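Here's the structure, in structure tokens; my notes come after.
Keep in mind it's a predicted model, so treat the numbers as computed, not measured. Numbered from 1 within each chain, the chains take letters A, B, ... in sequence-line order.
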Amino acid sequence: MGAVARKQLPLRPAGPDTTAALLDWYDSEGRELPWRSPPGRKADPYRVWLSEIMLQQTTVKAVIPYYREFLRAWPNVRALAAASLDEVLTKWAGLGYYSRARNLHKCAIAIVEEHGGRFPRSEAALRKLPGIGPYTAAAIAAIAFNEEATPVDGNIERVIARLFALRLPLPAAKSEIKRLASTLVPSDRPGDFAQAMMDLGATVCTPKRPSCLMCPIQPDCHGYAKGMAESLPLKLAKPDRPSRFGYAFLALSEDGHILLRRRQEAGLLGGMMEVPSTEWRDDWLSVEDAMRSAPFKTDWWPVTGTVTHTFTHFRLQLNVYRAIVPADATLTFWSEPNRCRWVNRRDLHNEALPSLMRKVIAHALPQ
DNA sequence: TATCCGTGGGG
DNA sequence: TCCCCAAGGAT
């Protein structure tokens, strides 16, 4: 009788009843995740932090195996701080957004050297650490320390925009969304509330075809009442993705080693290993010009086909040239020999190779 | 505020 | 095939 009677009443703004309904749903249907401590047990700030960094712009499914491997290799922040950056980048390889790995390592060192190996519990102190922005600081404070913070990620933006039928488009709506979300945070369970909102956004209040009939807070949802839930939040159009083109040089020695090169620390794929290549331009270099960027002079043979890869803000096409050189050959390096290293092709799994470079290698050395 | 920064899966 | 998107941060 409650549902029918309630539907006919004018919809009230979301409030404490909304929060209570959400937490009830979370207690019965919340997800079990590797970094989530069982009910009643204290969360480990290190695990919360590690998972939150990995989950930035990355799906749960992609994160889980990386999270498990990091925790196995480095069970606490002191262990991670004692690792080398290259070890961290190697284990991060394939997860993307490599500045996260560089900042993860920096942050671990800062925790050990400046905070005695313990994470600070306040949002403001967390916010000062490398790689921890507004969302992550609030998430760690709420989830690991039960501080009354309001993390707002993409899920929560969507839930709030729909719940309040917010028509202001992102990203301009961010501050208003944070304000509205903060009005719903319960002082006794801020961490559970944050995770409940994210679970709801991930499993019920999804970007496309949300399951409004299954939603525990649908009776309070203005977006649903107005029939516009799925269209929210509004977003400004995104810029188009230009294309870039380049040539990669896969050198294979007769004893089975591949020539790799370390990329510069900053920028795209910063600090990761690569198959040496020309610069990536907005048009094709001539083959003659491309050869001037080869790592050394030899006979380079074209590999049939092209490697394509899509980054966040551009598409890349690489033509690959291959050379097989005698193990004892005297090679004339043309650029940055100090950044280059021969690696046994059987040991490539121990290298910080991003997905693009694994594609290039697989393309040039099939099997 | 706008741009840069990866990758893989789903519709 | 292509676009969208995922527990954002740094500059």
Side-chain angles (χ1 to χ4, degrees), chain A residues 30-31 33-36 47-67 89 92-104 106-107 126-144 149-159 169-175 178 181 191 193-203 205-210 230 233 235-244 263-272 274 308-316 352-359:
Chain A
R31 297 186 292 176
L33 296 170
W35 43 86
R36 207 170 263 184
R47 300 184 185 204
V48 173
W49 165 69
L50 178 61
S51 67
E52 289 299 344
I53 300 298
M54 288 185 166
L55 286 162
Q56 288 167 6
Q57 297 292 286
T58 309
T59 57
V60 166
K61 184 183 176 186
V63 163
I64 286 177
Y66 285 85
Y67 173 81
L89 288 176
W92 196 278
L95 198 55
Y97 284 142
Y98 297 99
S99 70
R100 292 184 297 170
R102 303 194 296 271
N103 284 327
L104 186 84
K106 258 189 218 167
C107 183
L126 288 162
R127 181 68 182 78
K128 296 185 193 303
L129 292 163
I132 298 184
Y135 162 76
T136 305
I140 296 172
I143 297 169
T150 311
V152 178
D153 73 325
N155 288 305
I156 297 178
E157 281 178 352
R158 187 169 58 254
V159 172
L170 289 170
K174 277 179 180 293
S175 61
K178 174 140 188 171
F193 175 76
Q195 295 181 92
M197 289 283 278
M198 291 189 272
D199 279 11
L200 189 74
T203 64
C205 194
T206 48
K208 296 170 189 171
R209 296 184 60 89
E230 186 170 4
K235 294 188 178 179
L236 263 36
K238 293 176 180 170
D240 55 345
R241 251 193 281 250
S243 289
R244 295 186 193 172
R263 293 175 64 86
Q264 293 188 300
E265 316 306 317
L268 185 71
L269 309 177
M272 303 292 286
E274 67 175 355
T308 63
H309 193 76
T310 303
F311 291 100
T312 305
H313 53 296
F314 68 95
R315 306 170 198 284
L316 178 65
L353 282 168
S355 294
L356 162 64
M357 297 304 164
R358 295 187 186 277
K359 266 192 212 177

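Heavy-atom contacts of chain A under 4.0 Å fall on DNA chain B between two terminal nucleotides, which in 5' to 3' order are B/dC4 to B/dG8.
In terms of position on DNA chain B, the residue among A/Leu236 and A/Arg100 whose nearest nucleotide sits closer to the 5' end is A/Leu236. When each of A/Glu52 and A/Ile132 is assigned the nucleotide of DNA chain C bearing its nearest heavy atom, the one mapping closer to the 5' terminus is A/Glu52.
In terms of the side chain to side chain donor-acceptor pair (under 3.5 Å) criterion, residue partners of A/Thr58 (sequence neighbours excluded) are, by chain and number, A/Arg100.
Although no hydrogens or angles enter the test, the distance criterion places no donor-acceptor pair under 3.5 Å between the side chain of A/Thr206 and the main chain of A/Thr203. Judged by distance alone, the side chain of A/Tyr66 and the main-chain N or O of A/Ala93 form a donor-acceptor pair under 3.5 Å. In this structure, the side chain of A/Arg47 does not engage the main chain of A/Pro34 through any donor-acceptor pair within 3.5 Å. A/Glu265 places no side-chain N or O within 3.5 Å of a backbone atom of A/Gly270 that could act as its donor or acceptor partner.
The distance from atom CG of A/Leu129 to atom P of C/dA10 is 10 Å, rounded to the nearest whole Å.
Across all strands, A/Arg31 comes closer than 4.0 Å to base atoms (heavy-atom distances). At the heavy-atom level, A/Gly94 lies under 4.0 Å from the strands shown only through sugar-phosphate atoms. Nucleic acid contact for A/Pro354: sugar-phosphate only, since backbone atoms but no base atoms lie under 4.0 Å from a heavy atom of the residue. Within 4.0 Å of A/Ser51, counting heavy atoms only, lies no atom of the nucleic acid at all.
Checked against the 6.0 Å centroid criterion, the rings of A/Phe311 and A/His313 do not qualify as a close aromatic pair.
In summary, the side chains of A/Gln56 and A/Tyr135 do not present any donor paired with an acceptor at a separation below 3.5 Å, with no hydrogens or angles considered.
Distance CD1/A/Ile156 to CZ/A/Phe193: 7.0 Å, rounded to 0.5 Å.
If you take atom P in B/dG6 and the same atom in C/dT11, they sit 14 Å apart, rounded to whole Å.
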Do any N or O atoms of the protein come closer than 3.5 Å to N or O atoms of nucleotides 4-6 of chain C, and which pairs are they?
{"from": "C/dC5", "atom 1": "OP2", "to": "A/Lys238", "atom 2": "NZ", "distance (Å)": "3.3"}
{"from": "C/dA6", "atom 1": "OP1", "to": "A/Arg158", "atom 2": "NH1", "distance (Å)": "2.6"}

